[in-house]
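Report on the following structure.
Both counts, for ligands and for their atoms, begin at 1 and track the order of listing.
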Amino acid sequence: MALNLNKRILVTGGAGFLGSHLCDRLVEEGHDVLCLDNFYTGTKHNIAHLCAKPNFELIRHDLAQPIFLEVDEIYNLACPASPVHYQYNPVKTVKTCIMGAIHMLGLAKRVKAKILQASTSEVYGDPAVHPQSESYWGNVNPIGLRSCYDEGKRCAETLFFDYYRQNRVNIRVVRIFNTYGPRMHPNDGRVVSNFIVQALSHQDITVFGDGSQTRSFCYVVDLIEGMVMMMQGPDDFVGPINLGNPGEFTILELAEKIIHFTGSRSRIIFQPLPQDDPLQRKPDISLAAEKLKWTPKVNLEEGLERTIAYFKAILNIL
Ligand code: NAD
Ligand code: UDP
C-alpha cells in the first residue's frame, strides 16, 4: 500500500497576503489545507481560486476565541501586519497575538501538531545593532503606538518557547522581515503597495520623514519557501530564525525605483515620520543559510516588476 504523506495543515490568517500564497503552495503539494481567517485584513478574493479544490477548506473564525480542530501542522499567521491596520484597534492586535498564540499552542499540544509562528523583525524594534541577527534582543518601546504589535509578537515568541520547554510542543519560530508582492491589498498601507498604487495613479508619493530610513525587502515567493523549509526542517532546530532579503534600501531609493519602473509622473512629497518608526532594518540571514540552505533568489528590481504588473491588472491600468 502506498504511504500517504499528505498532512492536514491549518493556516491561520490564510486569506491574507502571505497566508494565501502559503495556502497555494500547500494545496499544490496535495496537503489537506484548512484556511482560518476572520477577514480583518484578508479577503475571500485572495483564496477564491482555491475554494473549489477538494483539499482546501475555509473556516471563518476569530483566533482570539478558542477552536477545536484535528490537524498535523499549524502555520500561525493571523494578525494584521501593516502599521496602519494593527494600530487601528491596538487592543484587538494584542488579543490576536497573545490569545491567538495561546489557542494555537493549546491546540498543538492537544493533538501533538507541529506549529510555526510568523514572528517579525519588529521584535528588534528600532535596532541599535545592524544588521540584526537572532541573538540581538532588540530595542522596543513597550508603551508606544507600535507596541501592540511589537510586544504582542514578542510575548507570542515567549509563549512558543514556554510551551516548548514546559509541554514539549514541537515549535518553529520565523522572524519575517518586510515582504512584498502580489495580493497585498491596495489600501494595505505598507510602503511598497502604497508607492506602487500612488505611482500607477500618478498621485504624490508619500515619503515619511526624509526618506533616509532603510528597509530590506523580500519577495513573497522567497519568503514562503523559507517558511516551508523551516517547518520541514529537523525538530532540534526550532529558531528563532530570520527570513528576509538582506538587500538594504532607503525609502527614498524605493520611491525613485518605483517611479522609474512605472514611468510615473508622480512627485515625491515628504510627510512626518510616524512615532517609533525604525531608522534601519536589515536581516542577518547567515543562520538560515547555514541551517536551511535558504537564501532569497528574487532581487528588488525583479520583484517590483512582478508586483507592479499585479497592481496594474487589479487597478485596470493598461
Ligand atoms: P495580512 O494582514 O495580509 O494577513 C493577516 C491575516 O490575518 C488576514 O487575512 C487577517 O484577516 C487575518 N487575521 C487578523 N486577525 C485575525 C484574527 N483575530 N483571527 C483570524 N484571522 C485574523 O498580513 P501578512 O503580510 O500576510 O502577514 C501575515 C503574518 O506574517 C502576520 O502574522 C504578520 O505579523 C507576519 N509578518 C508579515 C510581514 C510582511 O512583511 N508581510 C513581516 C513580518 C511579519
Ligand atoms: N512609509 C513611507 N510612506 C508610506 C508608507 C510607509 O515613507 O506611504 C515608510 C514608513 O515610515 C517606514 C517604511 O516606509 O519607514 C516601511 O513602512 P511599512 O509600513 O511598510 O513597514 P514597517 O517596516 O515600518 O513596519
Side-chain angles (χ1 to χ4, degrees), residues 11-23 35-44 46-47 59-65 67 75-87 89 92-101 103-104 116-123 126 146 149-150 152-153 156 174-181 183-185 188-198 204-220 223-224 227 242-244 249-252 254-255 268-281 283:
V11 179
T12 79
F17 162 49
L18 295 182
S20 62
H21 285 277
L22 179 61
C23 286
C35 166
L36 179 154
D37 209 292
N38 68 349
F39 304 114
Y40 188 61
T41 51
T43 67
K44 283 188 189 164
N46 283 342
I47 35 99
I59 308 166
R60 180 194 282 262
H61 177 78
D62 187 323
L63 211 62
Q65 304 301 326
I67 186 163
Y75 287 85
N76 189 34
L77 275 67
C79 184
S82 159
V84 178
H85 293 134
Y86 69 63
Q87 289 172 25
N89 185 344
K92 179 73 190 181
T93 301
V94 174
K95 285 184 184 167
T96 297
C97 286
I98 294 173
M99 299 313 296
H103 294 143
M104 289 303 100
L116 178 144
Q117 168 68 355
S119 191
T120 167
S121 53
E122 283 286 317
V123 300
D126 187 7
R146 295 176 84 102
Y149 183 75
D150 298 12
K153 289 284 187 177
V174 297
R175 292 180 177 158
I176 302 168
F177 284 64
N178 298 62
T179 300
Y180 68 99
R183 296 201 197 135
M184 293 187 92
H185 196 280
D188 178 274
R190 281 176 280 188
V191 67
V192 174
S193 45
N194 267 13
F195 285 2
I196 291 177
V197 171
Q198 289 165 343
D204 291 344
I205 306 260
T206 53
V207 167
F208 300 161
D210 63 5
S212 64
Q213 71 272 34
T214 68
R215 293 293 186 273
S216 303
F217 300 100
C218 186
Y219 189 64
V220 60
L223 193 280
I224 298 300
M227 208 188 261
N242 289 339
L243 293 178
F249 299 87
T250 67
I251 294 305
L252 198 53
L254 178 73
I268 292 175
I269 59 163
F270 295 91
Q271 294 188 344
L273 191 67
Q275 187 194 91
D276 294 336
D277 199 294
L279 292 181
Q280 52 182 357
R281 182 180 292 155

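Against a heavy-atom cut-off of under 4.0 Å, Ile251 is close to the following atoms of ligand 2: 7 (O), 13 (C), 14 (O). Applying the 4.0 Å criterion to heavy atoms of Asn194 picks out, from ligand 2, the atoms 4 (C), 5 (C), 8 (O). Residue-ligand proximity, Arg190 to ligand 2, at heavy-atom distances under 4.0 Å covers atoms 19 (O), 20 (O). Proximity to Pro83 (heavy-atom distance under 4.0 Å) selects the following atoms of ligand 2: 19 (O), 25 (O). Below 4.0 Å from some heavy atom of Val207 lie the following atoms of ligand 2, by number and element: 7 (O).
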Check each N or O atom of ligand 1 against all protein N or O atoms and list the pairs under 3.5 Å, with atom names and distances to 0.1 Å, one per line.
from, atom 1, to, atom 2, distance (Å)
ligand 1, 2 (O), Thr41, OG1, 2.6
ligand 1, 3 (O), Phe17, N, 2.9
ligand 1, 7 (O), Cys79, N, 3.3
ligand 1, 9 (O), Gly16, N, 3.0
ligand 1, 9 (O), Asp37, OD1, 3.2
ligand 1, 9 (O), Asp37, OD2, 2.5
ligand 1, 9 (O), Gly42, N, 3.2
ligand 1, 11 (O), Asp37, OD1, 2.6
ligand 1, 11 (O), Tyr40, N, 2.9
ligand 1, 11 (O), Thr41, N, 3.0
ligand 1, 11 (O), Gly42, N, 3.0
ligand 1, 13 (N), Asn38, OD1, 3.4
ligand 1, 18 (N), Asp62, OD1, 3.0
ligand 1, 18 (N), Thr96, OG1, 3.0
ligand 1, 19 (N), Leu63, N, 2.9
ligand 1, 21 (N), Asn38, N, 3.3
ligand 1, 21 (N), Asn38, OD1, 3.2
ligand 1, 25 (O), Arg190, NH1, 2.9
ligand 1, 25 (O), Arg190, NH2, 3.0
ligand 1, 26 (O), Phe17, N, 3.3
ligand 1, 26 (O), Leu18, N, 2.8
ligand 1, 32 (O), Leu77, O, 2.8
ligand 1, 32 (O), Lys153, NZ, 2.8
ligand 1, 34 (O), Tyr149, OH, 2.6
ligand 1, 34 (O), Lys153, NZ, 3.0
ligand 1, 40 (O), Thr179, N, 2.8
ligand 1, 40 (O), Thr179, O, 3.4
ligand 1, 41 (N), Arg190, NH1, 3.0

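Nearest-residue assignment for atom 24 (O) of ligand 2 (options Gln280, Arg146, Glu122; heavy-atom criterion): Arg146.
Formation of a donor-acceptor pair under 3.5 Å by the His85 side chain with backbone atoms of Asn89 is not found in this model. Judged by distance alone, with hydrogens and angles left aside, the side-chain atoms of His103 form a donor-acceptor pair with the main-chain N or O of Leu63 at under 3.5 Å. Thr250 places no side-chain N or O within 3.5 Å of a backbone atom of Gln213 that could act as its donor or acceptor partner. Between the side chain of Gln271 and the main chain of Val207, no donor-acceptor pair closer than 3.5 Å is present.
Geometrically, ligand 2 and Arg281 share a nitrogen or oxygen pair separated by less than 3.5 Å. Considering both main-chain and side-chain atoms, Val191 comes within under 3.5 Å of ligand 2 through a nitrogen or oxygen pair.
With a 4.0 Å heavy-atom cut-off, ligand 2 is reached by the side chain of Asn178 but not by its N, CA, C or O. Heavy atoms of Thr206 found under 4.0 angstrom from ligand 2 belong to the backbone as well as the side chain. Only the side chain of Arg215 comes within 4.0 Å of ligand 2, judged by heavy-atom distances.
For atom 5 (C) of ligand 2, the closest heavy atom belonging to the protein is Phe208 CE1, 3.5 Å. Among protein heavy atoms, the minimum distance from atom 15 (O) of ligand 2 is reached at Asp277 OD1, 2.6 Å.
Residues Asp37 and Gly16 come closest through the heavy atom pair OD2-N, 3.7 Å.
Between the side chains of Ser121 and Arg175, not a single donor N or O lies within less than 3.5 Å of an accepting N or O. For Arg60 and Asn38, the side-chain atoms include no donor-acceptor pair closer than 3.5 Å.
A salt bridge is defined here as a Lys NZ or Arg NE, NH1 or NH2 lying under 4.0 Å from an Asp or Glu carboxylate O, and Asp62 with Lys95 fails to meet this definition. We find that Asp126 and Arg146 are not joined by a salt bridge, their nearest charged nitrogen and carboxylate oxygen being 4.0 Å or further apart.
Aromatic ring pairs are classed by plane angle as parallel below 30°, tilted from 30° to 60° and perpendicular above 60°; the pair Tyr180 and Tyr219 is perpendicular.
Using a 4.5 Å heavy-atom threshold, the side chains of Arg190 and Met184 count as touching.
Annotation: cation-pi geometry not satisfied between Lys92 and Tyr40 (NZ/CZ under 6.0 angstrom from ring centroid, within 45° of ring axis).
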